[in-house]
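What follows is a short report on a single structure.
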Number of protein chains: 2
Amino acid sequence: MSNSPPIEQADRLLDAFITPMTETRVPIPTLERLAIYLRVLLDALEAGIQTLSSQEMEQHSGISAAQFRKDLSYFGEFGKPGVGYSVPALIQCIEKILRLDKEQPILLVGAGNIGSALVGYPNFQAHRLRIAAVFDNNFVKIGRPFGDLIIEDIARVKEVNASIGARLGIIAVPASAAQEVADLLVEAGVRGILNFAPTILRVPPHVHVRNVSIVQELAVLSYHVAEETV
Amino acid sequence: MSNSPPIEQADRLLDAFITPMTETRVPIPTLERLAIYLRVLLDALEAGIQTLSSQEMEQHSGISAAQFRKDLSYFGEFGKPGVGYSVPALIQCIEKILRLDKEQPILLVGAGNIGSALVGYPNFQAHRLRIAAVFDNNFVKIGRPFGDLIIEDIARVKEVNASIGARLGIIAVPASAAQEVADLLVEAGVRGILNFAPTILRVPPHVHVRNVSIVQELAVLSYHVAEETV
DNA sequence: GCGGGACTGTGAACGGTTTCACAGTGTGTG
DNA sequence: CACACACTGTGAAACCGTTCACAGTCCCGC
Ligand SMILES: NC(=O)c1ccc[n+]([C@@H]2O[C@H](COP(=O)([O-])OP(=O)(O)OC[C@H]3O[C@@H](n4cnc5c(N)ncnc54)[C@H](O)[C@@H]3O)[C@@H](O)[C@H]2O)c1
Ligand SMILES: NC(=O)c1ccc[n+]([C@@H]2O[C@H](COP(=O)([O-])OP(=O)(O)OC[C@H]3O[C@@H](n4cnc5c(N)ncnc54)[C@H](O)[C@@H]3O)[C@@H](O)[C@H]2O)c1
């Protein structure tokens, strides 16, 4: 009675476009932790600490010393036995691994609440992440200043990115528009998308998507806080 | 047999306060996926779909049918062989599992950019998540309206939460203030914290923390977009 | 220059999650 | 009413990431 065969067909075509298993040699959790290590190291550098052992990293990051060493071992040998790791040197290494050693331009789509928070976020700078352009489809907003930038028409994203050459994009538009924006970003040459909209994006296999889902995070917490009542 | 030798140095006071291994019966990835299933189901409901098979869920969520069934099997039997799952019934079940069936009040700390985006976010409502109070420490902001709420003094958080009884809190303050705010939230009875600040929070074992780290997400993407150049 | 102590790097064991495959079950049909 | 079908639920296997434990290296003091 309430079957939906036409949807099924449409979905099948798109199936090859579903976010793929990225055949990775390096575990994704390792990459996530590298960013944490980097933060600790930058703090340590600021505090004037020159050398850090894996034990000390455990104290500061909450990640086990063995895990830290194993994570780094995917990329090479950075420490000195008996001493530890040179803070400045390791910062450089991790930045290089994560490609944060050179400025990484980013396209932001959606000049709303989230976009607004992001465009003025001072912490990006320390990681050489830079929002290089902002796009929207609202003609009232297009042309207006937004942070240091001028809001551009999303229709021009490919054109604009031809000169910027950004490989990263952020989607901060309503869920209903997210897929269409994703398609435009991919078309414009973006290969990595940070998606704030509550939707599963379908992208070609060479494009990576990471979702920021606040509702999901709260839902997991909601489960936990109740669980422990019992 | 393999009794671990005493870890003298690591047995610091702080250590007992590091975010612990949550001894969970249900895998955390399962909980995260439940929120995704819920979103798909709510969409399906809105589209008038009454029944969904695990195959169809795979189409819409990108999560394998087997994974979907296994995830649900941690909590009971919700489907009918030969038919699939009743959309409205399964929504109710997942809401109950995640404790999203009753209104869940949340304390928000930090009336800045992020706080501003969150306080007006309409999508919380569908999940019965409600920001019940907003706190800040800036005397210029305290007393001002913020969304539908009035910004309260963070010093009064325990007092205010005595009447609200929130178990969830969101930290949207600068990293330098995050730990101190976390301590106050815990003191006020919060057991689950969503942390936007780039810091590792130290909390007692019964408190759960989840971090939203945009820089970390971008760093992982940064690695991936470069990797595929080679 | 030698020995003791500190710490790294990593193969191997472990534990947890995902995938597989199929037995079991409700549904619809002839 | 019986059979074919579609789909679920789940033990078992495969896979993957984490933890363990130790051999190897380097520094420092003497
Ligand atoms: N606000 C929050 O706290 C919050 C929390 C979690 C998730 N999100 C999600 O993040 C996304 C953005 O949220 P927000 O609060 O910033 O929304 P918003 O409504 O404030 O801003 C959305 C912006 O996107 C623009 N837009 C719409 N369609 C577009 C299109 N096709 N192309 C380009 N621009 C387009 C709009 O003009 C608007 O400026 C939403 O998907 C939302 O669900 C928001
Ligand atoms: N803006 C972004 O895009 C972004 C992105 C990722 C992470 N973050 C992180 O989220 C957090 C908040 O960011 P934001 O942009 O909203 O910052 P913000 O500066 O706009 O707002 C912070 C608010 O916290 C208040 N505050 C400071 N100390 C406090 C205390 N001890 N108790 C209570 N309130 C206090 C301030 O008065 C201010 O209103 C920061 O840790 C930031 O690093 C922000």
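Keep in mind it's a predicted model, so treat the numbers as computed, not measured. All values below were derived from every heavy atom in this structure, side-chain atoms included, with hydrogens, water molecules and symmetry-related copies excluded. Chain letters run A, B, ... following the sequence lines, proteins first, then strands; residues in each count from 1.
Whole-Å rounding puts the B/Asp71 CG to D/dT8 C1' distance at 14 Å. Computed from coordinates, the B/Ile28 CD1 to C/dT18 P distance equals 11 Å when rounded to whole Å. Rounded to whole Å, the distance from CD on B/Gln55 to C1' on C/dT19 is 14 Å. Rounded to whole Å, atom C1' of C/dT10 lies 11 Å from atom OH of A/Tyr74. Rounded to whole angstrom, the span from the CZ atom of A/Phe68 across to the P atom of D/dC20 amounts to 18 Å. With rounding to whole Å, B/Gln67 atom CD is found 16 Å from D/dC15 atom P. Here the C1' atom of nucleotide D/dT10 and the CZ atom of B/Phe78 are 15 Å apart, to the nearest Å. Across the protein-nucleic acid pair, A/Glu32 atom CD and D/dC16 atom C1' stand 15 Å apart, rounded to whole Å.
Listed candidates were C/dT17, C/dG11, D/dC20. Nearest to the side chain of A/Lys70 is C/dG11. Taking only side-chain atoms of B/Pro29, from C-beta outward, the nucleotide of C/dT8, D/dT10, C/dT18 with the closest atom is C/dT18.
Ring-plane geometry between B/His224 and A/His208 is classed as parallel, the angle between the planes falling under 30 degrees on a 0 to 90 degree scale with a further cut at 60.
Note: B/Tyr37 and B/Tyr85 fail the aromatic proximity criterion, with ring centroids not under 6.0 Å apart.
Ionic pairing of A/Glu103 and A/Arg128 is not present here: no N-O contact between side-chain nitrogen and carboxylate oxygen is shorter than 4.0 angstrom. By the 4.0 Å N-to-carboxylate-O rule, B/Arg69 lies too far from B/Glu77 to be salt-bridged with it. Between B/Lys96 and B/Asp101 there is no salt bridge, since none of the side-chain N atoms of the basic residue sits less than 4.0 Å from a carboxylate O of the acidic one.
Distances shown here put every side-chain N or O of A/Ser54 at or beyond 4.0 Å from the OP1 or OP2 atom of C/dC7. A close approach under 4.0 Å does occur between a side-chain nitrogen or oxygen of B/Ser64 and OP1 or OP2 of C/dT19. The phosphate of D/dG17 has neither OP1 nor OP2 within less than 4.0 Å of any side-chain N or O from A/Arg33. In terms of phosphate contacts, B/Tyr85 brings no side-chain nitrogen or oxygen within less than 4.0 Å of OP1 or OP2 of C/dG26.
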Reading nucleotides 22-28 of chain D from 5' to 3' and marking B where a protein heavy atom lies under 4.0 Å of the base, S where only the sugar-phosphate is that close, and - otherwise, the string is --BBBS-

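Side chain to side chain, A/Ser222 and B/Arg99 fail the donor-acceptor criterion of an N or O pair below 3.5 Å. Between the side chains of B/Glu58 and B/Ser64, no donor N or O sits under 3.5 Å from an acceptor N or O.
Counted within 6.0 Å of CD on B/Gln55, heavy atoms from surrounding residues, nucleotides or ligands total 12 or fewer; the atom is thus considered open.
Listed by residue number, there are no residues of residues 35-43 of chain A with a heavy-atom contact under 4.0 Å to DNA chain D.
Within the 4.5 Å cutoff, no side-chain heavy atoms of A/Ile170 are placed close to those of A/Leu107.
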